[in-house]
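Quick notes on the structure that follows.
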Amino acid sequence: MRGRDNVGAKMDSMELEREKGITIQSAATFCDWVATMPDTGEKEKYAINIIDTPGHVDFTIEVERALRVLDGAILVLCAVAGVQSQTTTVDRQMRRYNVPRISFINKMDRPGANPWRVINQIRTKLKIPAAALQVPIGVEDQLRGVVDLVRWKAIYNEGEKGTTIVESDEIPAEVIDLAKEKRRELIEQLAEVDDEIGELLIMDEDPTTAQLTCAIRRATVGLKFSPVFLGSAVKNTAVQPLLDGVCTYLPTPSEAIMTAHDISQPTSAPPVPLVAAAAAPLVALAFKLEEGRFGQLTYMRVYQGSMRKGQFIYHARTGKKVKVPRLVRMHSNEMEDIDEIGPGEICAIFGVECASGDTFTDGSTTFSMTSMYVPEPVVSLALKPLGQETPNFSRALNRFTKEDPTFRVHIDKDSKETIISGMGELHLDIYAERMRREYKVECVTGKPRVAFRETISQRADFHYTHKKQTGGAGQFARVIGYIEPMEKDEETGKDVAFENSVIGGNIPTNYIPGCEKGFYEALEKGSLSGNPISGCRLVLTDGAFHSVDSSELAFRLAIIGAFREAFAKAAPLILEPIMTVEVVAPSEFQSAVIGGINQRRGTIVDSEIREDEFTAIAEVALNDMFGYSSALRGVTQGKGEFSMEYKTHLPVMPQVQKELETSYKKTMPQSKK
C-alpha cells in the first residue's frame, strides 16, 4: 500500500515515519474482501479489520495493544533475513495474549530469497509447527505466482499491478515435484497436531480438500500450528490468497474466546465469557489514544453488543456516563463517519476522556476487560526546552504519557530537571523530535544525571565557636561534640540522626531545635560534590552561650560550620547507586554478554542456562550503564533484553571521586573555594 506521494507505506501517515522509513504508531484500517473458500470454491464476503504495528523493539507497546484487541495476527517475515530478533519478541507477545497466527514470507522477489530456510527457522526458533500452503512459481525477480497446495491449483498474478488473478488446474512442470513433496510435508506437520489427519496418514489415505482446510483451521485457532504463505507485497504477488487465508484459517470474532471480569464479584471469581452478538449488552475496550485535529481520538474494539452514534456509554472504572458524539471508521489517518458499529469491529470515537486499556459498557453490566501488559522503562534522559518554557512543553508531555503507557515523565527533585523514561534511546529521540515538529518546542536532551551521595567513614570531633560582632547585639555560639558513621535503622529506614547529650544547661534547651535544623541543613549539600549526605550521626556534648549575643540563628550557623569542619576530617566518601541488572539472551552470546558486564565493572552474582537462552544477574554501577541497551543489542544481534532496579549506594573508585571533586570545585564561586 503506497501512500499518495509514493513515499513509504500508506499506513505510515506520520511525517517522521516516512522520513525514517519505519512504523512508529500502529494504524488501523479495514477492508471488505470477497474470499474464495478452499473446500467449496464459493465466494463469501468478509470485512477485515487490520492494524499495522511497528516492528522496532522500542515501540513494543504498540504491538502489545494491537495483539490485545485482535483475534488473529499475520507474522510477516523476510524471505532473506528470516526470523530476526524482533520476530522472537513479537512471538513472545502473541503467546502472552494467545493470538493465533498465519505467517507470511514477504520479499520473495528479492535475490537470495529462501522460504524453506525461513520455515525451518519458524519451527526451530519460534518452536511452533509450521508448513507452507504454497510453492512459488519462478524464483526471485521471475516470481509469477504460487501453487496452492490445499486446492492444488496454480495461481498467477497478471496485469500491471498484479491485481488480475488467473487460476489454472495445470501445475507447471518445473515445480510439480516440489509441490508434491511440500504437500506431503504439510500433511505430515498437520498429522503431529491434529488427530483426524494423523489417522488418515496412518491409514495411508489422502485427505480431501475439506478435511485439510478444517484441520489447518482447527490447529491454527488452537495455537498449535501456523500456516505459511509466500509472496511479494510490493508486486502484489500472492497477496490475494493471503487474504483468503485470513478469512479461512483465522478465527472470526464469534469464534475467538473472549473473557471479561465482573467487577461486582471478588477478584478470585472466574472470568465471564463474552458473546459476539449484536443484541447482547455492550462491552468495548479503548486500546489506543491519539490527539487528533478534533480533540482526543479513542480507538475501540467492540467485543459484544453494538454501539450507535448518540448513545450513552458508561466508563467501567469510574462509572461515568458519556455520550458518543461521533463514531468513525479509521483508514490510517483518514476517517469515514458511520452510525453504528457491530461486535468484533474496530472503530474510533471523539471527545471521550479515558486512558489506554479502559472498558466501556452500556450500563447494564459490570464487566471489565483485563488490561494489557506494560513493560517497565529502561532508559531515561533529562529533557529541557531551549529558551523560554512554553505551555506547549507540558502539553506535549501530558499527551505523550496518555498515548503511550511506556513513556514516563518525572521531575528529579535533586537536579530539578524533567526526566523522561522509555523503552530505548530511539523511543525517546522520536518523542523529542515529535515535540519539535508537532508542538514547535525545541528541546535539548542531556546525559541523564546519576544520583550520587556522600558519607563519612570515621568519627571526627568538633569544637567550634561562631562569633560575629556588629553594632548592637552580635552572634555568639560555641558547640562541642562529634560526628560518626551511622548504619541504616531497619525500623525507621533513616540513616541520619541528631543526638543531644548536653548536660547542665550549657546550651539552653530553647536553642537545641536551632542546632538540629542546622545539622539537617548541612546534610543537604555535601562539600565534596554538592550531593546530599547520608549515613551520619551528630552528637552534641557540650557548648557555651552568651546571655545577650546568643540566638537560635547563631547556634544554627555554628552547627553548620562545625559540621563542615568535622566532615572534612572524617574521611568523606562519594557513593554511587548500584543496580541489579538482569540480562536474558541466547546462550551463544553468553561470553560476549559477561565480557560486556565485566567491562562496565560489574559483578556477576548469578547466572543460569535454560535450553537455548541464559540469564545473568549482575550488580553494576548506574553510571556505567549508559548506552548499555545499544551495546547489548549490538553484541547479541538484538536478541538480548535487560532490566535493572536500584539496589544500594556504594563508594565510587578513588579516581572517580577525585574527578567529581575537581569538577564540583570548578562550579563553585571564587570566594568559597
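Position 1 is the first residue of the sequence, and the numbers go up from there.
Both cation-pi conditions hold for R301 and Y303: the charged atom is under 6.0 angstrom from the six-membered ring centre and inside a 45 degree cone around its axis.
Atom CG of D194 is separated from atom OG1 of T220 by 10.0 Å, given to the nearest 0.5 angstrom. Atom-to-atom distance recorded for M300:CE and I346:CD1 is 12.0 Å, nearest 0.5 angstrom.
The backbone N or O of Y439 lies less than 3.5 Å from a partner atom in the side chain of N392, making a donor-acceptor pair. A distance-only check finds no donor-acceptor pair linking the side chain of D71 to the backbone of T252 [under 3.5 Å]. Side-chain atoms of E433 never come within 3.5 Å of backbone atoms of I430 as a donor-acceptor pair (strictly under, hydrogens ignored). Looking at T359, its side chain never comes within 3.5 Å of a backbone N or O of L285 through a donor-acceptor pair.
Within the 4.5 Å cutoff, no side-chain heavy atoms of L75 are placed close to those of I102. For the pair N157/Q240, a side-chain contact is recorded, criterion being any heavy-atom separation below 4.5 Å from C-beta on. You'll find the side chain of K309 stays beyond 4.5 Å of the side chain of I338, heavy atoms only.
Screening residues 383-407 for ring pair (Phe, Tyr, Trp, His ring centres under 6.0 Å) gives F400-Y431, F407-Y431 as the qualifying pairs, with residues at least two apart or on separate chains.
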Please determine whether side-chain contact (heavy atoms from CB on, under 4.5 Å) holds for the pair R434 and R399, giving the CA-CA distance in whole Å, both sets of side-chain angles, and the decisive distance to 0.1 Å.
CA-CA 11 Å; R434 280 183 62 188; R399 171 185 157 191; 3.0 Å; yes
Could you walk me through whether D337 and R326 satisfy the salt bridge (Lys or Arg N to Asp or Glu O under 4.0 Å) test, starting with their C-alpha distance in whole Å, then the side-chain angles of each, then the deciding distance to 0.1 Å, before giving a yes or no?
CA-CA 7 Å; D337 276 280; R326 194 177 157 197; 3.1 Å; yes
